[in-house]
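See structure below.
In what follows, residues are counted from 1 in the order of the sequence shown.
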Amino acid sequence: MVETGESYYISGGELRQWQKQAKIDAIAAEISAIELDQFLEALTDLTHLDIRLDSFGDRPSIQLNQPWSAIVKLWERRITERVPLQYLLGVVHWRNFALKVSPAVLIPRPETELIIDIAASYHATSSEAINSICQPGSGNWVDLGTGSGAIALGLASVFPEAMIHAVDCSWSALAIALENAQSLGYQNRVKFYQGSWWAPLHSLKGKVSGMVANPPYIPSQELPNLQPEVVYHEPHQALDGGESGLDCIHHLVQTAPQFLQPGGIWIVEMMAGQGQAVTSMLESAGCYRDIKILPDLAGIDRFAIAYVQW
């Protein structure tokens with residue numbers, strides 16, 4: 001290992017030797033070896049192909065983006081403390097974004113990416129929406145419980161004429177979300193609010209084209225059974241949906257009609273197995289129509305969509 005000023009290097013042979021042991025440790029800890037590849041790609045000048053082909057062992061030097069001792073300690077935390085890789089690297093790749101993340105925000109999941117496509121597709125293909133003031137790609141869209149800002153930024157990317165309103169109860173989460181908006185150039189089209197659900201948005205009553213949310217939906221008693229990465233490191237307030245897991249979703253069902261304009265769209269992510277209960281909530285509210293439960297890419301019922309009646 002060599003450290004020259006602000007530059008850090010390791011020989012290919014040394015890195016390969018460490019990689020072999022790190023892979024053994026990962027497998028023993030039931031952590032995918034693919035994560036080790038991602039870790040090295042993020043913290044060295046090696047490409048994905050370099051790592052996959054194992055073609056770096058004879059290189060005299062490989063550049064690091066921080067001291068080797070710090071890199072080793074990061075991987076040790078992944079193994080011993082089960083800190084999620086995304087938190088260690090401080091970034092997650094979601095849709096076409098590189099988003100900053102920290103333990104202040106839930107890590108955006110790949111399955112949630114589809115909620116943006118659902119919003120764009122179902123809004124654009126709703127004939128009533130197209131023929132009403134609820135025009136596709138315009139108006140006010142709301143992301144409730146924004147966390148890292150992923151959904152809000154996704155909405156901004158597919159609705160270029162819309163104003164996006166993103167709400168979270170955590171100031172720390174909002175700081176991360178604002179930084180992501182600024183880095184992606186959406187700071188003028190996404191407004192951030194601190195508060196609980198609709199509380200900061202009184203001025204938008206009856207004026208919202210669509211609401212999208214990934215609320216807490218895990219039953220409280222199931223939280224201790226989740227992966228250690230989730231239980232010990234991700235914010236529980238973004239996970240705990242109460243005794244049934246449906247507390248927050250029920251609140252959104254009851255409150256959204258005050259804010260959504262006629263024909264406005266209500267979309268939430270939910271846990272597998274909750275579709276029937278969410279459908280019943282929407283039907284019982286008496287002000288929604290065209291209720292649908294949609295699967296994620298794995299075929300698991302994951303999203304609920306409905307329209308506010310005229």
Side-chain angles (χ1 to χ4, degrees), residues 26 29 31-32 34-44 64-67 69-113 115-116 143-157 164-187 190-197 200 212-218 223 226-241 248 269:
I31 293 171
S32 171
I34 294 174
E35 286 200 23
L36 178 59
D37 294 348
Q38 296 170 337
F39 180 77
L40 291 177
E41 187 177 349
L43 298 177
T44 72
L64 313 172
N65 68 7
Q66 56 186 282
S69 59
I71 291 175
V72 170
K73 288 179 180 177
L74 281 179
W75 188 251
E76 287 176 353
R77 293 191 66 203
R78 179 70 189 101
I79 299 297
T80 61
E81 300 176 35
R82 300 300 289 267
V83 179
L85 182 64
Q86 295 90 337
Y87 288 159
L88 292 176
L89 299 179
V91 66
V92 62
H93 295 279
W94 192 83
R95 288 181 69 86
N96 58 328
F97 303 141
L99 299 174
K100 179 179 178 179
V101 292
S102 80
V105 300
L106 195 72
I107 297 168
R109 271 36 177 199
E111 57 266 27
T112 304
E113 295 182 10
I115 205 169
I116 304 301
D143 170 23
L144 299 179
T146 193
S148 65
I151 290 176
L153 296 170
L155 292 172
S157 72
I164 314 300
H165 306 268
V167 179
D168 203 285
C169 61
S170 167
W171 283 111
S172 298
L174 288 170
I176 296 288
L178 177 58
E179 188 170 340
N180 283 326
Q182 291 172 337
S183 67
L184 294 168
Y186 289 116
Q187 67 272 20
V190 181
K191 294 182 179 180
F192 295 98
Y193 307 78
Q194 193 277 331
S196 177
W197 304 119
V212 183
N214 180 14
Y217 52 66
I218 298 172
L223 286 176
L226 300 177
Q227 295 176 312
E229 287 84 349
V230 178
V231 175
Y232 299 119
H233 299 287
E234 297 203 67
H236 280 209
Q237 67 178 2
L239 298 165
D240 192 340
C248 298
E269 180 174 327

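Checked against salt bridge (Lys or Arg N to Asp or Glu O under 4.0 Å), Glu229 has the following partners two or more places apart in sequence or in another chain: Arg78, Arg82. Looking at residues two or more places apart in sequence or on another chain, you find no ring-ring contact (aromatic ring centres under 6.0 Å, His included) involving Tyr87. For the side-chain hydrogen bond (donor to acceptor under 3.5 Å, both in side chains) test, residues two or more places apart in sequence or in another chain that qualify with Glu81 are Arg77. With sequence neighbours excluded, the residues satisfying ring-ring contact (aromatic ring centres under 6.0 Å, His included) with Tyr193 are His165. Every residue meeting the side chain to side chain contact (heavy atoms under 4.5 Å, CB included) condition with Ser157, not counting sequence neighbours, appears here in chain and number order: Phe97, Tyr186. Here Asp143 pairs with Thr146 under the side-chain hydrogen bond (donor to acceptor under 3.5 Å, both in side chains) rule; sequence neighbours left out. By the side chain to side chain contact (heavy atoms under 4.5 Å, CB included) test, Leu178 is found to be paired with Gln182, Phe192, residues two or more places apart in sequence or in another chain being considered. Listed by chain and residue number, Glu111, Thr112, Ile115, Asn214, Tyr217, Arg302, Phe303 satisfy the side chain to side chain contact (heavy atoms under 4.5 Å, CB included) test with Glu269 (two or more places apart in sequence, or in another chain). Applying the side-chain hydrogen bond (donor to acceptor under 3.5 Å, both in side chains) criterion to Asp37, with sequence neighbours excluded, gives no partner residue. Scored by the side chain to side chain contact (heavy atoms under 4.5 Å, CB included) test, Ser102 finds Ala104, Ile176 as partners (sequence neighbours excluded). Every residue meeting the salt bridge (Lys or Arg N to Asp or Glu O under 4.0 Å) condition with Glu179, not counting sequence neighbours, appears here in chain and number order: Lys100.
A pairwise comparison of heavy atoms in Trp171 and Gln194 identifies CE2-CG, 3.3 Å as the closest pair.
Using modelled atom types, no side-chain atom of Asp240 and backbone atom of Pro216 make a donor-acceptor pair closer than 3.5 Å.
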